[in-house]
Amino acid sequence: MVSIYVCGEDKTRQISDWVIKNDKSEGLSLTCHFPSGKHFFRPLADCKVDPTREVQATLLRRKGSSVLSPVEKVVIYGEKYAVVQYPGKTTKYVFKMDAIELVPPTKMKDESTFRYFLSVANGRVEQAASPNDKTIAENVLRQLNAILPSANTALHAYCTGQNGRQEQAGNFIFPFGLNESQLKAVEQAFTSQISLIEGPPGTGKTQTILNIIANILLRGKTVAVVSNNNPAVSNVCEKLGKSGLDYLVAKLGNEKNRKAFFDNPCPRPTAIAETAPSMEHIQSILQRLKRHLSGRNAVAQLQIEISELEIERSYLRQWQQDNGVQNSFALGKYNLSPQKSADLMAYLTHLAGNRVRIKDRIEMLFNFKILRMKPFDDWAKRKSVFYGLQLHYYDKALLERKAALASHQDALRLGNYEALLEELTSASMKYLKQYLHRHVPSAECFDAKTYRQDKFDEFLKRYPVIASGTHSIVNSLKPGAVLDYVIIDEASQQDIVPGILALGCAKNLIIVGDRKQLAHIPVELGRVAPVDQGQYDCEKYSLLDSCVSVFNDSIPMTLLKEHYRCHPQIIQFCNQQFYANQLVPMTQDRGEKPLSLLVTAKGNHTRRNTNLRELDSLLAVLEGEGESAWEGEDGRGFIAPFKNQAALSGTLLPDDFVKDTVHKFQGRECDEIVFSTVLDKKSTTPKLLAFVDDPRMINVAVSRAKNRFTLVTGDEVFTASNGHIAALVRYIEYYAQEGQLHRAPVISAFDLLYKEYDQSLERLNGRLRRSDSEYKSEQIVAQLMRETLDQHALHGITFHSQIALNQVASIANPSLTARELVFMSQGASCDFVLYYTVGKKPLGVIEVDGGTHGEAGQAERDALKNSILQKCDIPLLRLRTIESRIEEKLAAFLAQWTRSFHDEKRELSTV
């Protein structure tokens with residue numbers, strides 16, 4: 001009951017209705033309406049409405065709006081009208097109570113967890129390494145402060161560890177196709193406020209995200225798709241565009257992206273959508289298709305098992321041939337299954353050379369239905385049967401699996417699996433487009449400056465899908481906007497801050513990532529997570545790992561199992577090593593050669609996270625194979641753990657190689673991938689070994705390759721640790737064909753510097769002279785020069801070692817700088833100087849650069865020597881001890897004087 005008093009007089013029984021207004025000239029007023037149709041108004045201050053209550057510091061949302069606004073005070077009159085005052089404003093606004101919703105704020109921003117996130121954001125501002133980093137950090141901090149403490153956001157659920165449940169979502173459509181685990185992932189995404197989809201490489205994460213977006217749109221909801229990197233979001237947008245749905249996407253994010261979007265918005269289709277089948281018909285197709293999804297996976301799994309068995313059988317057959325094993329014993333009459341064959345092998349091993357007892361006869365009869373024991377009465381016969389059983393096991397196992405494969409394939413064919421899948425996809429897309437045509441309004445003019453103002457809800461109806469980077473999502477929305485869903489892609493690479501910005505902008509969160517791929521590289525600030533809240537540690541966890549730790553079993557997790565990217569032999573390594581054989585390769589093995597191993601010569605080849613020998617060896621193999629071996633639509637890539645090696649590869653490898661670090665290559669793919677491990681035995685520290693041999697590093701590196709993967713690694717560098725690269729080497733050696741295994745294709749004369757060198761260098765080692773130098777590297781060069789100069793055409797040239805630089809270059813040269821003159825006077829010398837035998841004129845200089853020549857001080861001295869010799873027109877050849885083809889480089893350097901000798905002879909003959 002509501003009572004109305006005007007100037008102290010009770011008007012309740014006299015009036016038929018009452019209204020509160022805020023007139024610009026009159027201010028707040030109350031109007032009373034009488035049954036006669038008359039009315040009068042008075043200032044609200046002269047009136048009393050009972051009941052009246054006041055709410056301080058709350059949040060307000062208009063019905064149907066996605067935007068929450070903080071309000072300083074709300075006075076509610078008779079539960080019919082609310083007079084609202086916003087912070088810092090004197091103007092008061094009147095709303096009908098049935099048009100608004102008051103949302104009590106939470107204490108989330110005052111709690112230790114959120115305050116820890118703020119301290120991390122502040123720390124990144126304070127310790128920013130560059131002005132650009134500081135600008136980014138300040139932007140994140142600003143957005144973090146702008147988030148409203150609403151109880152229905154995914155951020156509140158994350159900070160409190162309380163995962164809410166969703167109501168039954170109803171029917172689902174699959175306009176982008178589906179498989180068994182994608183079906184489960186889509187259904188699970190709508191059961192919980194926070195859900196997780198684990199998508200190993202090539203398992204259709206993007207396809208799953210697209211199907212989730214389709215079902216969000218079908219329910220009239222809004223969604224933001226965000227990621228730490230733009231390519232992941234762009235991929236989703238591109239796929240929506242291919243289906244004619246990009247008109248629904250607002251590609252926002254940073255200011256540049258927003259401007260590009262509003263300058264060229266995608267128009268809404270004007271054509272009427274195709275007639276779509278009913279939802280009942282779509283669900284009928286889906287139910288029929290569900291019966292075949294597991295069968296499709298069974299076909300793929302059986303194909304893998306058959307391939308594995310055939311390879312194992314070939315190895316066994318080869319071993320038996322090499323060891324002269326004869327399989328003359330006929331086992332077909334015993335009708336042994338694979339399991340019984342294995343059991344009989346075990347029993348024969350148990351018998352060994354012992355005599356056959358009554359108990360053994362009974363055991364053989366009851367377990368194997370073998371009555372006659374003559375073929376088993378001595379150890380020699382038992383061994384023959386044992387070897388026969390080994391092949392029998394594989395033959396029977398192959399027959400069983402091939403029969404099962406044929407059965408599943410027949411069931412899929414009879415059930416019209418492919419046709420049903422196509423019909424479901426087509427019908428779902430038609431239904432979605434028809435729904436969107438009816439419910440998405442016609443285009444309205446929005447611009448980058450005003451879209452976040454009064455018409456933001458209309459903007460979301462026109463663009464229900466927001467694409468943004470996590471660093472800019474709050475900036476992309478109207479302050480206080482809370483979308484229905486946010487999907488974070490590549491969440492394993494997402495830092496907690498700024499990742500939580502997206503959680504503060506949505507009610508529900510769908511995390512998509514893979515904990516077995518590379519995580520982000522955290523910024524180390526030394527900020528300690530709150531006590532007993534280590535799961536929020538920004539320096540330890542990615543957002544994906546943190547969510548898993550925070551919610552434990554309360555978060556539904558779906559593993560996408562079906563793999564569509566890599567050749568089966570490539571992805572099977574990742575499957576066996578990292579995914580506990582949970583993946584189901586859906587690609588086909590058609591007898592290709594997908595695996596290659598290139599092992600370089602032993603030695604200290606690593607310098608400052610580069611390894612020239614691995615690149616030289618790769619070039620030698622590529623030259624031998626020819627370019628035809630590398631054809632493919634998606635090209636080839638060279639990846640390494642260190643950016644220095646990727647940069648060095650850019651100076652040596654063909655231009656069509658994409659060169660980058662493994663971290664930067666995550667999310668990308670190529671037909672061919674070469675992975676260089678860089679490290680050698682001498683330079684490998686426990687820290688470097690742990691970095692390169694990290695399971696996530698290896699998982700990402702291998703799974704970038706679609707059709708061919710080549711591992712380039714040093715001999716015995718990783719085998720001692722028995723880690724993941726050692727397992728990869730064993731795997732490739734087992735499955736690769738002999739022609740794909742390359743060992744030490746490039747040998748350098750400088751390999752003699754190492755204790756373990758190729759035996760082909762033994763003759764050169766025996767000819768070295770200790771009298772040439774105290775350094776073995778210079779002994780090697782001296783001997784090679786001696787042998788090269790022994791050619792008839794070079795008999796007029798000789799060399800001397802350790803000659804003072806000022807005896808080679810003249811200090812009288814006017815172009816020399818003061819610094820260069822000082823350098824010459826301080827005893828600088830040249831490793832080797834070439835002279836004419838007659839006349840003693842210096843011809844050229846050869847320097848041998850060891851491991852210190854990349855260091856700053858030595859690099860400066862080398863640069864001075866280079867400059868001095870250049871100004872004096874004296875040719876210089878630098879030979880690095882990490883280089884190969886030393887003989888060729890020496891010969892090419894000396895060849896310039898061979899040509900001059902020929903020129904002199906021609907001149908003399910003419911005279």
Side-chain angles (χ1 to χ4, degrees), residues 595-625 638 640-642 644-645 648-649 651-653 674-685 688-689 692-693 710-721 723 725-726 728-730 732-733 736 738-768 775-781 783-784 787 848-851 853-854 878-891:
L595 298 169
S596 294
L597 175 64
L598 172 51
V599 179
T600 60
K602 297 176 182 178
N604 181 19
H605 306 307
T606 303
R607 299 289 188 278
R608 288 166 292 282
N609 294 336
T610 66
N611 191 318
L612 180 61
R613 182 62 59 84
E614 290 190 352
L615 291 166
D616 285 343
S617 298
L618 175 61
L619 285 168
V621 171
L622 295 180
E623 186 179 343
E625 290 180 339
F638 176 90
F642 307 106
N644 288 359
Q645 181 76 342
L648 179 61
S649 71
T651 66
L652 298 171
L653 296 183
V674 176
F675 176 44
S676 164
T677 61
V678 181
L679 301 183
D680 59 37
K681 286 180 72 174
K682 184 175 180 180
S683 66
T684 300
T685 64
L688 282 174
L689 182 66
V692 175
D693 208 15
T710 297
L711 174 66
V712 185
T713 190
D715 196 9
E716 298 183 3
V717 176
F718 296 94
T719 50
S721 65
I725 294 178
L728 180 56
V729 170
R730 292 194 301 270
I732 296 176
E733 288 176 333
E738 187 174 344
Q740 305 308 114
L741 302 175
H742 309 277
R743 291 198 169 270
V746 173
I747 302 296
S748 169
F750 284 130
D751 287 350
L752 288 174
L753 297 173
Y754 317 119
K755 293 179 180 178
E756 298 171 318
Y757 55 79
D758 191 271
Q759 291 303 307
S760 63
L761 297 171
E762 186 61 42
R763 290 180 64 249
L764 173 60
N765 188 49
R767 297 196 301 273
L768 298 184
Y775 300 108
K776 194 169 185 178
S777 58
E778 294 180 6
Q779 294 174 24
I780 293 167
V781 173
Q783 182 60 30
L784 292 176
E787 293 175 2
V848 182
D849 295 345
H853 279 259
R878 287 194 175 275
L879 296 173
R880 293 181 293 167
T881 55
I882 59 172
E883 289 182 320
S884 55
R885 298 174 177 168
I886 303 303
E887 300 94 324
E888 295 176 25
K889 291 171 183 174
L890 273 173

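It should be emphasised that the depicted structure is a prediction, and the values quoted were computed from it without experimental measurement. What's counted below: heavy atoms across the whole structure, side chains too, no hydrogens, waters or symmetry copies.
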### Message
Going by the rule side-chain contact (heavy atoms from CB on, under 4.5 Å), which residues pair with Leu879 if we only count those two or more places apart in sequence or in a different chain?
### Response
Phe750, Val781, Ile846, Leu877, Glu883, Ile886, Lys889, Leu890
### Task
Tell me, please, which residues at least two apart from Lys776 pass side-chain contact (heavy atoms from CB on, under 4.5 Å).
Leu752, Leu753, Asn765, Leu768, Gln779, Ile780
### Query
Sequence neighbours excluded, which residues qualify as salt bridge (charged side-chain N to carboxylate O under 4.0 Å, His left out) partners of Asp693?
none
### Counterpart residues, side-chain contact (heavy atoms from CB on, under 4.5 Å), relative to Asn609 (two or more places apart)
Phe642, Asn644, Leu688
### Query
Can we say Arg613 and Asp751 salt-bridge, meaning some charged N sits less than 4.0 Å from an Asp/Glu carboxylate O?
yes
### Task
Not counting sequence neighbours, which residues clear side chain to side chain donor-acceptor pair (under 3.5 Å) with Ser596? List them please.
Arg708, Gln740
### Task
Would you give the length of the straight line joining atom CG of Leu711 to atom CG of Leu595, rounded to the nearest 0.5 angstrom?
10.0 Å
#### Entry: salt bridge (charged side-chain N to carboxylate O under 4.0 Å, His left out) partners of Glu887, counting only residues at least two apart
none
### Query
Mind checking what makes side chain to side chain donor-acceptor pair (under 3.5 Å) contact with Ser617, not counting sequence neighbours?
none
### Message
If the condition is salt bridge (charged side-chain N to carboxylate O under 4.0 Å, His left out), which residues does Arg885 pass it with, not counting sequence neighbours?
### Response
none
### Listed partners of Glu623 passing side chain to side chain donor-acceptor pair (under 3.5 Å), at least two apart
none
### Summary
Sorted by chain and number, sequence neighbours left out, side chain to side chain donor-acceptor pair (under 3.5 Å) with Ser748 holds for none
### Summary
Across all chains, not counting sequence neighbours, the side-chain contact (heavy atoms from CB on, under 4.5 Å) partners of Thr684 are Leu679, Leu689, Val717
